[in-house]
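Here is the structure we will look at, set down as structure tokens.
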Amino acid sequence: MRILSGIQPSGRLHVGNYFGMMDPAIRLQDEGEAFYFIADYHSLTTVHSPEELRENVRNVAIDFLACGLDPSKATFFRQSDVPEVTELSWLLSTVTPMGLLERCHSYKDKTARGHEATHGLFAYPVLMAADILIYDSNIVPVGEDQKQHLEVTRDIALKFNNRYGEVLAIPEPRIRQEYAKVPGLDGKKMSKSYGNTLELFGSEKATRKKIMSILTDSTPVEEAKDPSDSIIIDLYRLVASNAEVEAMENDYKNGGVGYGDFKKRLFSAYWDYFEPMRKRREELLADPGYVDEITREGASRARESAAATIKRVREACGIY
Ligand code: AQP
């Protein structure tokens, strides 16, 4: 079984990325042949500074390894180190109906938020289909926001196979429902570009400040509060034990505890949860050559697999 997933170097990774994609991907590396990549071609649609892109790529590599990606089990590489993927993207675009892309929420959402309406942003799902199909992927662990793009990938693969024969494997998304859409500090989907994230490896001071600034209603300390509609509890649930969550829910219902106290508990649970990963990250930061070596080796393995698919696809289309 081939498992594939990618993450954009469009900013610092956050707990939404972690619970939606990184943690499931790390768990799956024991169950099949895992291919995980840093989607730098994709992030060019929103990151326009070369220095920032290089820095982001480096941080994503270090952060993913720190979180538990094991290069002896998973192939880890940069998308752009396998340029065959852009060739496949073109070949796929010749079978992709415009209507399929016009229906995609992500393009509308990003242009509505002020991102430039470029062809790259519009055609993003085709490159994503190529990312997945070029490695004959079976399972793709993603957050809920990528579900539609996975459906587009499947439609494109079926279109291609209808035209040229059974050339491409049809992938399945793997979405962990309980973490499908991690909320940001403002209650909207946590997203690098919304400025509402809880970073995985922010400094202690900045993280505490972010958590303490979560907006709450003005219910006084002594009064009961509603635990069913609380960002603090939603985030706490990600990093605390069931008993701790239950205790916080009871304190909400019983009154007598203020939001400031709940936020302190959230900070402390969050900080403890990522402590081992922070330590591992420090070690990786001290050994930059190691990280480069991992992604270089990963790229060479990924490229072998991509070359075999491209050969098959070219032959199917009549390009020799
Ligand atoms: N809030 C989230 N909850 C659950 N999963 C999430 N993912 C992202 N945000 C959440 C999942 O993380 C993986 C990598 O995402 P990405 O960085 O490649 O792009 P994205 O989904 O667009 O993430 P962002 O933070 O929202 O980035 P920007 O702001 O740059 O667009 C994906 O599997 C995604 O589902």
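First listed ligand is number 1; within each ligand, the first listed atom is number 1.
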- Query: Does Arg208 count as lying over the ring of Phe267, i.e. NZ or CZ under 6.0 Å from the six-ring centre, within 45 degrees of the axis?
  - Reply: yes
- Task: Would you mind checking if Lys311 and Glu315 are paired as a salt bridge, meaning a charged N to carboxylate O distance below 4.0 Å?
- Result: yes
- Task: Return the residue, atom name and 0.1 Å-rounded distance of the protein heavy atom closest to atom 17 (O) of ligand 1.
- Result: Lys192 NZ, 2.3 Å
- Query: Salt-bridged, Arg27 to Asp23, with N to O below 4.0 Å?
  - Reply: yes
- Taking Lys225 for its side chain and Val257 for its backbone only, find out whether a donor-acceptor pair lies under 3.5 Å. yes
- Minimum-distance protein heavy atom relative to atom 24 (P) of ligand 1: Ser191 OG, 3.5 Å
- Would you say ligand 1 has an N or O under 3.5 Å from any N or O of Lys189? yes
- Are Met22 and ligand 1 in contact, using a heavy-atom cut-off of under 4.0 Å? no
- Note on the structure: the protein heavy atom lying closest to atom 35 (O) of ligand 1 turns out to be Asp145 OD1, 2.3 Å
- Query: So is Gly6 polar-close to ligand 1, meaning N/O to N/O under 3.5 Å?
  - Reply: no
- Message: Counting non-hydrogen protein atoms only, what is the nearest one to atom 18 (O) of ligand 1? Give residue, atom name and distance.
- Response: Gln8 N, 2.9 Å
- Message: I'd like to check which ligand 1 atoms, numbered from 1 as shown, lie under 4.0 Å from a non-hydrogen atom of Gly20.
- Response: 4 (C), 5 (N)
- Is Arg314 salt-bridged to Glu87, cutoff N-O under 4.0 Å? yes
- Query: What about Glu144: any of its N or O atoms under 3.5 Å from an N or O on ligand 1?
  - Reply: no
- Message: Lys279 and salt bridge (Lys or Arg N to Asp or Glu O under 4.0 Å): which single residue from Glu275, Glu283, Glu282 fits?
- Response: Glu275
- Item | Verdict with supporting geometry, Ile170 and Asn161, side-chain contact (heavy atoms from CB on, under 4.5 Å) | CA-CA 10 Å; Ile170 311 295; Asn161 286 355; 3.9 Å; yes
- Message: Under 4.0 Å from a heavy atom of Ile7: which atoms of ligand 1 are those, numbered in the order shown and with their elements?
- Response: 14 (C), 17 (O), 18 (O)
- Report the nearest protein non-hydrogen atom to atom 32 (C) of ligand 1: residue, atom name, distance rounded to 0.1 Å. Gln146 CG, 3.9 Å
- Task: Determine, using heavy atoms of Lys110 and all atoms of ligand 1, whether some pair is separated by less than 4.0 Å.
- Result: yes
- Message: Quick check for you: to the nearest 0.5 Å, what is the distance between His48 atom NE2 and Glu116 atom CD?
- Response: 6.0 Å
- Start with the C-alpha distance between Asp131 and Tyr41, add both sets of side-chain angles, then the distance that settles side-chain hydrogen bond (donor to acceptor under 3.5 Å, both in side chains), and finish with yes or no. CA-CA 11 Å; Asp131 289 327; Tyr41 278 148; over 6 Å; no
- What residue and heavy atom of the protein are closest to atom 28 (P) of ligand 1, and at what distance? Ser193 OG, 3.7 Å
- Which part of His14 is near ligand 1, with near meaning a heavy atom under 4.0 Å away: side chain, backbone, both or neither? side chain
- Query: Numbering the atoms of ligand 1 from 1, which are under 4.0 Å from a heavy atom of Met21?
  - Reply: 12 (O), 13 (C), 33 (O)
- Quick one: do Lys181 and Asp145 make a salt bridge, cutoff under 4.0 Å? no
- Query: Is the closest N or O pair between Met190 and ligand 1 shorter than 3.5 Å?
  - Reply: yes
- For atom 5 (N) of ligand 1, which candidate among Pro183, Ser5, Pro141, Gly16 holds the nearest heavy atom? Gly16
- Query: For atom 3 (N) of ligand 1, what is the nearest protein heavy atom, given as residue, atom name and distance?
  - Reply: Val182 N, 2.8 Å
- Message: Please confirm whether Thr46 approaches ligand 1 to less than 4.0 Å, judged on its heavy atoms.
- Response: no
- Item | Lys/Arg-Asp/Glu bridge criterion (N-O < 4.0 Å) met for Lys189, Asp109 | no
- Message: Under 4.0 Å from a heavy atom of Val142: which atoms of ligand 1 are those, numbered in the order shown and with their elements?
- Response: 33 (O)
- Query: Can you tell me the protein heavy atom closest to atom 15 (O) of ligand 1 and the distance?
  - Reply: Asn17 ND2, 3.5 Å
- Query: Out of curiosity, does Ile38 fall in the hydrophobic cluster containing Ile132 (side-chain heavy atoms, cut-off under 4.5 Å, transitive links)?
  - Reply: no
